Amino acid sequence: QSREPDDYQERPAKRHAGDVEMVVDHYNLRPEVGVKQRKESPIIGLKNFNNWVKSVLITQFGHPALASNSSKKRGKVLDMGCGKGGDLIKWGKARIREMLAVDIAHVSVEQARHRWATMRPRRFDASFAALDCYTEPLTKVFTPEQLAQPFDVVSMQFCMHYAFETAQKARCMLQNVSEWLRPGGIFLGTVPNADQLLARLDQLPADSEDLSFGNSVYKIRFEERTSRPLFGHRYYFYLRDAVDNVPEYIVEWDNFVQMAAQYGLHPVFKKEFHEVFEENREHEDFKQLMVRMNVCDATGASSMEDEEWEAVNIYIAFAFEKR
Ligand code: SAM
């Protein structure tokens, strides 16, 4: 049920003290592991699959936006919530000219910068900065010169849901996305699927006090059963070997779309991860990419356990166009 866009402005912003600090500490304290240790992760199949979905999304929506830049300058990308720079190679393959990247976790930002500086070949210029991009503008960390040429693509991978703690944060996030994105540019990302999470919550036994579901790979725990606010609808997320019960927020899709429209952003794509898989598994390039990224072997057999499959399928991929 959609609400009027201004509904949420009437509500007091419900800020959970300490949530942001928990998120920042969590990501800052996660050690950067080498390639060998990464390959040994118990959820390496899931991580590879998520990377494959991001590659598909970037190829299908990022590449055309970069190519359609009428100034003929090779493209420019903003990675918001860049983490340790896990998408640098993907953007290198997109043959971009420049990237600006921000994340609230300053340790991750340094790791991303190091990763870029040691990339061989290093195909594009990049600037990295620590920024809470849900409360602060990009102008806090980038100069007018750095922002003069607009972005062709803004990417937010597995991080936008943290903005939905309050309406103000979601608005600040959208302002940062839209302000420096050129008309015709693309905003793409990945985010948990609210419909699915809430449906799973509804399926819990009526007398159950434990409002959690999941399996040995992931767990989601809600605090309340019936209250469904558009902002600050918090749950705790655990992902084995990756995320330790960090607070996240439901992103109710219609509300997100209505808000995004106020920033000139209009949806052109929304798919659950399993749909992205089904639709592209026979695509010649993406099929080969799946083998190269160890998502499956040459026979097409998946390298993920069933429980990992369930965990990846709580996400959706999306793309919006700036008009
Ligand atoms: N985008 C990266 C990727 O796909 O590998 C990292 C994803 S990680 C699951 C989520 C990231 O969101 C973390 O690096 C975290 O620090 C970042 N984040 C959370 N809140 C943020 C905020 N307010 N401003 C900027 N980054 C934020």
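Just so we're clear, the structure is a prediction, and the values are computed from it rather than from any experiment. Both counts, for ligands and for their atoms, begin at 1 and track the order of listing.
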Report, in ascending order of atom number, the atoms of ligand 1 lying under 4.0 Å from any heavy atom of [X].
{"X": "Ala105", "result": "16 (O)"}
{"X": "Val23", "result": "19 (C)"}
{"X": "Leu131", "result": "24 (N), 25 (C)"}
{"X": "Gln157", "result": "1 (N), 2 (C), 4 (O), 7 (C)"}

Students should be able to answer this: which protein heavy-atom is nearest to [atom], and at what distance?
{"atom": "atom 24 (N) of ligand 1", "value": "Cys133 N, 3.1 Å"}
{"atom": "atom 19 (C) of ligand 1", "value": "Tyr162 CD1, 3.5 Å"}
{"atom": "atom 20 (N) of ligand 1", "value": "Tyr134 CE1, 3.6 Å"}
{"atom": "atom 10 (C) of ligand 1", "value": "Phe158 O, 3.4 Å"}
{"atom": "atom 23 (N) of ligand 1", "value": "Asp132 OD1, 2.8 Å"}
{"atom": "atom 14 (O) of ligand 1", "value": "Asp103 OD2, 2.7 Å"}

Run the numbers on Ser41 and Lys47 for side-chain contact (heavy atoms from CB on, under 4.5 Å), then give the verdict. CA-CA 9 Å; Ser41 165; Lys47 288 181 176 174; 3.6 Å; yes
Pairwise side-chain contact, [X] with [Y], heavy-atom cut-off 4.5 Å (strictly under):
{"X": "Val153", "Y": "Leu78", "answer": "no"}
{"X": "Phe124", "Y": "Arg97", "answer": "no"}
{"X": "Tyr235", "Y": "Glu248", "answer": "yes"}

4.0 Å heavy-atom contact, [X] with ligand 1:
{"X": "Asn50", "value": "no"}
{"X": "Gly81", "value": "yes"}
{"X": "Val102", "value": "no"}

Can you establish whether the number of heavy atoms outside Arg122 located under 6.0 Å from its atom CZ is more than 12? yes
Looking at the rings of [X] and [Y], which for Trp means the six-membered one, are their centres under 6.0 Å apart?
{"X": "Trp180", "Y": "Phe142", "answer": "no"}
{"X": "Phe158", "Y": "Tyr315", "answer": "yes"}
{"X": "Phe164", "Y": "Trp253", "answer": "no"}
{"X": "Trp309", "Y": "Phe277", "answer": "yes"}

Starting from the C-alpha separation in whole Å, work towards a yes-or-no answer on side-chain contact (heavy atoms from CB on, under 4.5 Å) for Arg292 and Leu289. CA-CA 5 Å; Arg292 285 205 303 278; Leu289 189 63; 3.4 Å; yes
Among Phe231, Tyr249, Phe320, Tyr263, which one satisfies ring-ring contact (aromatic ring centres under 6.0 Å, His included) with Phe256? Phe320
Location of contacts on Ala163 toward ligand 1, heavy atoms closer than 4.0 Å: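 Neither; no heavy atom under 4.0 Å.
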Where does Ser108 meet ligand 1, judged by heavy-atom distances below 4.0 Å: at the side chain, the backbone, both, or neither? neither
Looking only at distances, can you tell me whether any N or O atom of [X], backbone or side chain, sits closer than 3.5 Å to an N or O atom of ligand 1?
{"X": "Ile104", "result": "yes"}
{"X": "Lys54", "result": "yes"}
{"X": "Asp87", "result": "no"}
{"X": "Tyr27", "result": "no"}
{"X": "Cys159", "result": "no"}

Let me know which of Lys271, Gln60, Glu275 forms a side-chain hydrogen bond (donor to acceptor under 3.5 Å, both in side chains) with Asn280. Gln60
